[in-house]
Amino acid sequence: WALNGISLYHSPDDGSHWNKIMPKGFIYVYSIGTGSDGSLLAGMLDSMHHVVAARTSDGGKSWKLSTPLSRGNSIDFIGEAGPGKIIAIDDEGYCHRSGDNGKTWKVVQTSFQPTSLYSICIVDSLTFYTGAQGGFSVSHDGGISWKPQTLPLSSTVVTSIAPVSDGSVLAVFDTTRIVHSTDGGKSWTDENIGFFPGTKITGLIAVSRGRTSRGAMSGTYTHSNAMG
């Protein structure tokens with residue numbers, strides 16, 4: 001799946017061919033995420049200007065829709081913490097939680113400000129991480145409450161977060177520093193081993209322990225034999 005800011009694209013053959021997907025009655029796709037069952041989740045705007053969460057398990061042929069969000073103008077981040085437990089972050093910095101596949105929502109005000117949130121990472125049904133302008137926050141109760149974590153003095157922005165299979169977490173500070181934490185973000189160590197200094201990192205995925213893929217302005221890099 002790929003998103004260009006308006007429409008969805010789906011490849012049935014590992015990227016050789018792409019099909020444009022836009023559910024009937026919808027005019028905008030804000031964000032996409034992965035469901036706990038491998039389905040695709042999407043934050044969408046319909047023709048009546050309702051912001052909803054949508055799910056497809058058949059490559060976009062059919063969709064199951066949530067009830068509209070009660071506030072917010074978009075869904076900037078969407079994911080699932082367990083079967084039916086959808087998490088959506090709106091453009092005003094509020095966390096919308098559903099335990100019944102989007103039929104009902106509970107809204108929680110987070111510790112990050114509107115327009116400053118860059119990434120969200122759902123580790124399990126209770127543990128979430130967010131990266132934002134000036135901060136890294138963690139929730140250990142499924143998004144009900146959030147606790148900001150102190151960043152190193154030389155860092156101001158967390159732009160990408162990726163969980164590691166051993167329970168630790170990788171993050172990108174200031175778009176150029178890859179760091180690793182084993183204590184939920186309380187302390188960090190640099191992990192830019194073998195990477196080009198100063199390269200702007202736009203995405204980070206921990207494929208497995210010891211193997212990390214990084215998207216950068218100049219391409220995609222894969223690093224092995226280091227934490228990640």
Side-chain angles (χ1 to χ4, degrees), residues 3 30-34 43 72 74-79 81 87-97 108-124 126-207 209 211-218 220-221 223 226-228:
L3 174 65
Y30 296 111
S31 56
I32 56 176
T34 304
S74 66
I75 296 177
D76 291 352
F77 298 91
I78 189 168
I87 306 297
I89 308 292
D90 68 27
D91 61 315
E92 297 176 344
Y94 284 83
C95 177
H96 300 252
R97 302 167 60 250
V108 179
Q109 187 172 11
T110 62
S111 59
F112 31 81
Q113 298 298 315
T115 71
S116 70
L117 184 64
Y118 289 112
S119 59
I120 181 170
C121 171
I122 299 176
V123 179
D124 53 42
L126 294 176
T127 306
F128 307 157
Y129 295 122
T130 60
Q133 177 73 37
F136 175 93
S137 297
V138 60
S139 173
H140 291 296
D141 53 15
I144 297 175
S145 61
W146 297 82
K147 184 177 181 181
Q149 303 295 315
T150 302
L151 299 183
L153 293 177
S154 60
S155 300
T156 59
V157 181
V158 180
T159 54
S160 188
I161 307 170
V164 185
S165 57
D166 62 0
S168 59
V169 63
L170 289 164
V172 176
F173 285 0
D174 304 320
T175 74
T176 58
R177 293 178 59 196
I178 299 174
V179 293
H180 177 231
S181 176
T182 59
D183 54 13
K186 295 178 181 178
S187 62
W188 300 88
T189 56
D190 281 290
E191 293 291 342
N192 281 54
I193 304 171
F195 202 59
F196 296 101
T199 301
K200 186 175 182 179
I201 304 166
T202 56
L204 181 70
I205 299 174
V207 180
R209 182 180 175 86
R211 186 175 178 84
T212 306
S213 291
R214 303 143 189 192
M217 294 296 288
S218 56
T220 301
Y221 300 83
H223 182 56
M227 176 55 65

S.K.: I need the H140 NE2 to L126 CG distance, nearest 0.5 Å.
M.R.: 10.0 Å

S.K.: In Å and rounded to the nearest 0.5 Å, what is the NZ to OG distance from K147 to S139?
M.R.: 12.0 Å

S.K.: Taking only residues two or more places apart in sequence or in another chain, which ones pass ring-ring contact (aromatic ring centres under 6.0 Å, His included) with F128?
M.R.: none

S.K.: Taking atom CD1 of I32 and atom CZ of F77, what is their separation to the nearest 0.5 Å?
M.R.: 12.0 Å

S.K.: Would you confirm whether T182, through its side chain, and S168, through its main-chain N or O, come within 3.5 Å as a donor-acceptor pair?
M.R.: no

S.K.: Tell me every residue that passes side-chain contact (heavy atoms from CB on, under 4.5 Å) with I78, counting only those two or more places apart in sequence or in another chain.
M.R.: S31, L41, A53, I75, I86

S.K.: Write down the atom of I161, the atom of C121, and the distance for their closest heavy-atom approach.
M.R.: CG2-CB, 3.8 Å

S.K.: Quick one: OG1 on T127 to CG on D141, what's the gap to the nearest 0.5 Å?
M.R.: 9.0 Å

S.K.: For V108 versus R97, what's the shortest heavy-atom pair and its separation?
M.R.: CG2-CD, 4.1 Å

S.K.: Working to the nearest 0.5 angstrom, can you tell me the gap between Y94 OH and D76 CG?
M.R.: 14.5 Å

S.K.: So, do V169 and W188 sit near enough that their side-chain heavy atoms are less than 4.5 Å apart?
M.R.: yes

S.K.: Can I87 and H96 be said to form a side chain to side chain contact (heavy atoms under 4.5 Å, CB included), step by step?
M.R.: CA-CA 6 Å; I87 306 297; H96 300 252; over 6 Å; no

